[in-house]
Amino acid sequence: MTKPARVRFAPSPTGYLHLGGLRTALFDWLMARHTGGQFILRVEDTDQKRYNPDSVQFIFDGLRWLGLEWDEGPDKGGPFAPYVQSERREIYQQYAEWLVDQGKAYRCYTSEAELEELRAKGQPYDRRHRNLTAAQRAAFEAEGRSSVVRLAAPLEGKTVVHDVIRGDIVVESASVADPVLLKSDGLPTYHLAVVVDDHLMEITHVLRGEEWIPSAPLHKLVFDAFGWEAPAFVHLPVILDPSGKGKMSKRKSVVEGKEFSPFVHDYMQAGYLPDAMFNFLATMGWNFDGEREVFSREEAIERFDVADISAKAAALPFAKLDWLNGVYIRQMEANALKQALAPYLARDLGLDAAALLTDPRLDALIPLIRERIKLLTEAAPLVDWAFATAGTITYPNPALLIGKKLTAAQSVDVLRAGLELLAAVEPFELPALEADFRARAEAMQIPVGSFFAPFRVAITGRTVAPPLFESMVVLGRAETMTRVENGLAALTSFAAE
RNA sequence: GGCCCCAUCGUCUAGUGGACUAGGACUCAGCCCUUUCAAGGCUGCGACUGGGGUUCGAAUCCCCAUGGGGCUACCA
């Protein structure tokens, strides 16, 4: 085992939590747990314009849903509190000033319009205020110009940043065009805040998306300016849009008629299991051993190593997520599945979640649907009939009550025969029901599939439903017979037309 | 445009110079099982971007090309 790592997930609270962010947090967490270190949550809210007050809660909810509890963070404190950058403003200002005093940074008075001119020409900042005299600065101040603090980056030589998964990244130091460290509103830019905080919070490994690679040399230069040792950089491959074009956007994308959301909360709503999402996200850029696809959190912690992460950007294989979710549902204990299902059934069927948990019908249905659903939200349409009353099961298309390759008249006979059996069968349980129905199907020389179909539609109102006799048992004799009678009536009048 | 990163089946990936006839998973197709639908079992389709090197030997190392991606803000 390696040394305990201190890693942080440092999202900007600008909206919903993104799957890409969640994957980064997952790797952070995995690394912290693997090394016996700490996982820190830090909120990087230095951009006033994009700040969204609800999103801190979205971040908390998403991380906790996946089971990624942090050791230090805004809501739980820690030795390096506060963990919200807007509350650390003075710290950054002090460090920025120190840099200016040391000649490692300088005040720049260039106006927005002047900067815009440069940008229009495709030029980077030209360091025009790098060597201002005291008098020039005083003149700008007198003019009432606002200023920012810029890093005085080296004018020659190369800067080397070591990335754990890609090796050395080398750039011309001069290409780092004296970036802004402290904005005119007194808040730091990401580049200053991230360096100061990572140092102060004793972060050992910086895990973040590869879109940060271009600014890694600049961060290295800031660490150098302070005389601090930089943490290890681990730039994670970006997650591509399912369409395969560009990185996954901040909005839903539609591929072949299917909608894919990049936001965690949509997956929470849609009935995905945290364990499945955990497993799924862990294989995005990392893999268990090349053979196994399904593994537990503990197993992942045991094997995880940032050095094994792939450098290749990839699109999320959502079909695989659905499959994995099904695998996890099938693995669940009946009671655990019931607990997980209840809120979704309550929501979609208009039932009371607490009452559902003590409803014997749900207990009986769980084993029947466990292998038929990939998402928790798929349960409702499979079991809605069980919680409905006979009258609400209608047959808008009575033709569906006709078994395959049967005539309407034959189906009527089948339902009548079934009614007879249902009245007499004893006990009203699976083996007896199945034996009686099979025997009758054979006696009437009708294939079982065709014989059973009318009953399925009569009692559930659907052509696709859980196994027939188990469903009858859930309903009980009286309810089952009422529904078959209703179906028979509907089919009879349909056949008469 | 400039700078940087990446490159194995449709997708996610294994592969760190000989064990590669390139493995696994999802998807798709077929068959089996079967009471619908699933689940399950079996089978199949399917890839080293191209070109140069290095080497006895290259998917693996180097170079170039090509393709894809990222960044290019007083946003992160």
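Because the structure is predicted, anything quoted here is derived from the model rather than measured. By convention in this document, chain letters (A, B, ...) are assigned in the order of the sequence lines, proteins followed by strands, and residues within each chain are numbered from 1.
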G-U wobble or Watson-Crick pairing nucleotide for [N] (cut-off 3.5 Å, both distances):
| N | value |
| --- | --- |
| rG44(B) | rC28(B) |
| rA19(B) | none |
| rA7(B) | rU66(B) |
| rC71(B) | rG2(B) |

Checking all strands, does [X] fall into the base, sugar-phosphate, or nothing category for heavy-atom contacts under 4.0 angstrom?
| X | value |
| --- | --- |
| Gly246(A) | sugar-phosphate |
| Ala465(A) | base |
| Lys247(A) | sugar-phosphate |

Nearest to the side chain of [X], heavy atoms from C-beta on, is which of [options]?
| X | options | answer |
| --- | --- | --- |
| Ile213(A) | rG24(B), rU35(B), rC4(B) | rC4(B) |
| Val448(A) | rU36(B), rC75(B), rU35(B) | rU35(B) |
| Leu240(A) | rG69(B), rU13(B), rA25(B) | rG69(B) |
| Pro317(A) | rA73(B), rA14(B), rC12(B) | rC12(B) |
| Lys320(A) | rC5(B), rU35(B), rG24(B) | rG24(B) |
| Glu371(A) | rC26(B), rC74(B), rA39(B) | rA39(B) |
| Asn287(A) | rC26(B), rG24(B), rU13(B) | rU13(B) |

Is any side-chain N or O of [X] under 3.5 Å from a base N or O of [N], one able to act as donor and the other as acceptor?
| X | N | value |
| --- | --- | --- |
| Arg462(A) | rU36(B) | no |
| Ser184(A) | rC74(B) | yes |
| Lys312(A) | rA7(B) | no |
| Glu210(A) | rG69(B) | no |

Self-check item: Any donor-acceptor pair under 3.5 Å from Ser249(A) side chain to Arg251(A) backbone
Solution: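 Looks like yes, one N/O pair under 3.5 Å.
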
Quiz item: Do Asp178(A) and Tyr106(A) get their side chains close enough for a donor-acceptor pair, meaning under 3.5 Å?
Solution: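 Yes - a donor-acceptor pair under 3.5 Å links their side chains.
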
Quiz item: If you count the non-hydrogen atoms of other residues, nucleotides and ligands that lie under 6.0 Å from CD in Glu112(A), is the total more than 12?
Solution: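 No, the 6.0 Å shell around CD holds no more than 12 heavy atoms from other groups.
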
Self-check item: Span that lies between the C1' atom of rA29(B) and that of rU36(B), in whole angstrom
Solution: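 It comes out at 22 Å once rounded to the nearest Å.
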
